[in-house]
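The block underneath contains the structure these notes are about, expressed in structure tokens.
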Amino acid sequence: MTQQTQPKTERYNPREIEEKWQQRWEADGLYTTDLSDTREKFYWLTMLPYTSGDLHVGHWYPMAPSDAGARFYRMRGKNVFYPIGFDAFGLPAENAAIKRGIHPRKWTYDNIDRMRGQLKSMGAMFDWNSEAITADPEYYRWNQWFFLKMYERGLAYRKNAPANWCPGCQTVLANEQVVNGACERCGSTVVQRDLEQWFFRIRDYAEELLDFSKMDWPDPVTTMQQNWIGRSEGIEADFGLDIPGVGQTAIRVFTTRPDTIFGVTFMVLAPEHPLVPQITTPEHRSAVEAYVEQARRQTEIERLSTEREKTGVFTGAFCTNRFNGRQVPIWIADYALAWYGTGAVMGVPAHDERDFEFAQKFGLDCNVVIAPPDWDGSPLTGAYIEPGTMVNSGQFDGLSNNDGKSAIADYAEQQGWGAKTVTYRLRDWLISRQRYWGTPIPIVYCDADGVVPVPEDELPVRLPDDAEFSPTGESPLAKHAGFVNTTCPKCGGPARRETDTMDTFMDSNWYFIRYLSPQYHDGPVDPAVARDWLPVDQYTGGAEHAVMHLLYARFFWKVARDLGLVQGDEPFLRLFNQGQILGPDGQRMSKSRGNVIAPDEQVQKFGADAFRCFLMFIGPWEEGGPFRLEGISGIERWLARAWNLAIADPAFGDADARDLRRLTHKTIRRVTEDFEGFRWNTAIAALMEMVNALSRAREAGAVDRTAWDEAIDSMLLLMAPLSPHIAEELWERRGRPYSIHQQRWPAWDPGLAKEDEITLIVQVNGKVRDRIQAPAGIGEDDARRLALASEQVRRQLGDNEPRKVIYVPGKLINIVA
RNA sequence: GCCGGGGUGGUGGAACGGUAGACACUGCGGACUUAAAAUCCGCUGCUCGCAAGGGCGUGUGGGUUCGAAUCCCACCCCCGGCACCA
């Protein structure tokens, strides 16, 4: 509109300022946290990156907003600790190294060097003095130490068990690492193999892990953990067994439906159930053996297929339902899972869908014991699983099935036929891996002394660099004579080392503890620092870790607590899950898809500040979504306009400061509240509005000097967490004291932020017909007078008298005719 | 199948039960420029109308309410997790 004489000013050029400030901040140790400082501590943690190669947008998306959050709390006066490290062990690094024919150590540490530079280019306030790398012997030494402590307490044990075997990665996997029957990493179909493996007793903590009351976590994550742990209340009940030559006299089942126990018409054992070979009668032996063999060969995918029809074979044996004395046939079927409950299921076709399907297929009886409300006694066409009245259940007839549950449970306990119990879906954590790039398990096998833990003072058991590490199905360390052959710590005789390594999730269990004293030699953490700084106050990271890292880490923390190492029951008091950032095609970003966005180029082109802000602006952080670069020009324009506002003053003069001050204080309020709720996108929108309003104010003529300075200074302070470089540069150019990142967060004055004029919305029958400017404190009578005087309202109303008027103070008036 | 989360303009997205579409991108028009870029200004949900103004609009269908994107019921679709868990 008006001819604008742009002052001859320097243009915003991120390349000129960003590196300069990064170097200055580093040289000044600006982001080094003094852990002995007495101000209120705030441990802000972002999930550590895996060292798989270059950083891409998938790394920036979680980290840039997290950095803004950490900076925000720092400016609010907290002593913020915001560390970073590298998750360096594990299959992906090892596989990548093998593919390229280089040593995993070299591959990993080269990546770390590159990633460190990339992370610094982000302008994040990471405290690099606290860096921890999980593949360092001084780190994994304490993995081993923890293992020994757990072994001492019986929390680490060894057992031969069927394990998830990935033929691609040539190693076993934890239950949590099998996704739809396939390896989480390489996608190979997982098969079952019997192996001697090390486990952690996470099940011992199942009950406590279900208590989420001591932390503030997003609901979806706690729900996922709850489902994963899968607590079920029920009873274990014994069915009588009277088979010549079989010592055992009962088969124990687990059921959540004791109320249906009179309806049992058959029994199902898992193919792997130990009683199967003993009870099978000679004429059924070959069929049973064939079935067991076929079940063993099945892949997880085949076994899990829901479309599959029920299969099973009769063993020829019978057992007795002690409640009604009925003899029922014992079958084996793979829908009974060996590891869940007791590995045996009582078949109640009338009241369980799976049992119904099984009975239908094999012509087994179906006895109704819970009557549907208007049941006429005719056969069921499907399992009835809803509540009902008990029938055909002896003395329990007539009870509601809900009452029957406890009545039968009590009766079973009285008779000694069973007991109330709780079963979990969660399995113990299998930590052995037959791979090279991990923490060696500190155990020695001696012919004389058996399993012998390596003494603490011999830690770390070092991972040899010169192993032949291509996977063969056996741990590569097994072929390294220098590693394997050792002496028994107990008797001094010849012994062999354990050659498996630990699951890499062991590393991420406690890295945030190590950050506090990464150089500490006398334990995993300096106890004094741990006492002051743990637990983590705010954790941010992806929801993909809901049932792996986040569950393991909670378990591990509770073990560390029981060892007296840390205090409190939970490691992460608050959690925020950002959404997944996807490629422009809406697909998960991956090198193989070719949809990876490299931040380095974007930083070159737009600057780190613009790129950070853009990632925060594209949408709500928790939602993620496809990344498209298109909108970034809006961010560039905003930063450039902010720059121009800050380096060139408007025409100062006698002017009303009220509007300007209201703008400032309203914006402070909005940005502060948005930051508290991780709403970076709307915070940036508020700052954009401020820039737009300030530009208009400058155009409009004379501006009050004090109000202008307050506005610009506040704006820079509000921008500092989002775009640290430009904020620092402009702060300096305006002659303010270094560093902006050490300034206090601005406070808003509610009186100044308040509007003194409102737009009164005038509705007739709920439809907006007019908007009238009115004083903010307008009362109902005045509002009504204004509204009824409106020409629009009169036209809508016609001859009708208003029947009712609804007034929402300061907002709206609705005239109902 | 079960458990979460979500469906709003051409696009990303805003909206304590109270102006739907803030903020931005794109597009269109204009200013500046020899020209372009950059910058600045205006318009930009659909639709009827010359206009004033009206109608329709938040996945679908109902309901509650003076008033619903928001609350309730039923359903459809998308994303994530779990999946024969007895």
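Predicted model, so just to flag it, every value in this text is computed and none were measured. Values below: all heavy atoms of this structure, side chains included; hydrogens, waters and symmetry mates excluded. Chain letters run A, B, ... following the sequence lines, proteins first and then strands; every chain starts at 1.
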Measure from the side-chain heavy atoms of [X] and tell me the nearest of [options].
{"X": "Leu337(A)", "options": "A86(B), U39(B), G18(B)", "result": "A86(B)"}
{"X": "Val345(A)", "options": "G4(B), C40(B), A86(B)", "result": "A86(B)"}
{"X": "Thr256(A)", "options": "C66(B), C25(B), A86(B)", "result": "A86(B)"}
{"X": "Asp334(A)", "options": "C16(B), C84(B), G53(B)", "result": "C84(B)"}
{"X": "Arg11(A)", "options": "G81(B), A38(B), C23(B)", "result": "A38(B)"}
{"X": "Asn692(A)", "options": "C41(B), A86(B), A24(B)", "result": "A24(B)"}
{"X": "Pro620(A)", "options": "G13(B), C23(B), C41(B)", "result": "G13(B)"}
{"X": "Ile761(A)", "options": "U39(B), A83(B), U19(B)", "result": "U19(B)"}
{"X": "Pro220(A)", "options": "G4(B), U39(B), C84(B)", "result": "G4(B)"}
{"X": "Gln796(A)", "options": "G18(B), C84(B), G54(B)", "result": "G54(B)"}

What does [N] pair with, Watson-Crick or G-U, if both distances are under 3.5 Å?
{"N": "G29(B)", "answer": "C41(B)"}
{"N": "C84(B)", "answer": "none"}
{"N": "C23(B)", "answer": "G12(B)"}

Practice prompt. For the pair Phe362(A) and Phe358(A), name the ring-plane relationship: parallel under 30°, tilted 30 to 60°, perpendicular over 60°.
Written response: tilted

Fill in: C79(B) to G59(B) separation - C1' atoms, rounded to the nearest Å
15 Å

Fill in: Pairwise P distance, A36(B) and G27(B) [rounded to whole Å]
16 Å

With [X], which residues qualify under salt bridge (charged side-chain N to carboxylate O under 4.0 Å, His left out), at least two apart?
{"X": "Lys361(A)", "result": "Glu309(A)"}
{"X": "Asp609(A)", "result": "none"}
{"X": "Asp770(A)", "result": "none"}
{"X": "Arg326(A)", "result": "Asp365(A)"}

Discussion item. Pair Thr682(A), Asp674(A) - check side-chain hydrogen bond (donor to acceptor under 3.5 Å, both in side chains), show working.
Written reply: CA-CA 7 Å; Thr682(A) 47; Asp674(A) 283 345; 3.0 Å; yes

Give [X] one of three labels, base, sugar-phosphate or nothing, depending on what nucleic acid heavy atoms sit under 4.0 Å from its own.
{"X": "Ile806(A)", "result": "base"}
{"X": "Ser633(A)", "result": "sugar-phosphate"}
{"X": "Arg803(A)", "result": "nothing"}
{"X": "Trp638(A)", "result": "nothing"}
{"X": "Arg769(A)", "result": "sugar-phosphate"}
{"X": "Asp219(A)", "result": "nothing"}
{"X": "Asn227(A)", "result": "sugar-phosphate"}

Worksheet entry | Counterpart residues, side chain to side chain donor-acceptor pair (under 3.5 Å), relative to Arg662(A) (two or more places apart) | Asp659(A), Asp756(A)

Using a cutoff of under 3.5 Å, can you pull out all pairs of nitrogen or oxygen atoms linking the protein to nucleotides 20-22 of chain B, with atom names and distances?
residue: A22(B); atom: O2'; partner: Glu689(A); partner atom: OE2; Å: 3.3

Worksheet item: How close or far is atom P of C66(B) from atom NZ of Lys767(A), stated in whole angstroms?
Response: 16 Å

Fill in: Verdict with supporting geometry, Arg784(A) and Ile813(A), side chain to side chain contact (heavy atoms under 4.5 Å, CB included)
CA-CA 7 Å; Arg784(A) 188 185 176 123; Ile813(A) 187 156; 4.1 Å; yes

Discussion item. Anti or syn, where syn is a glycosidic angle within 90° of 0; which label fits G9(B)?
Written reply: syn

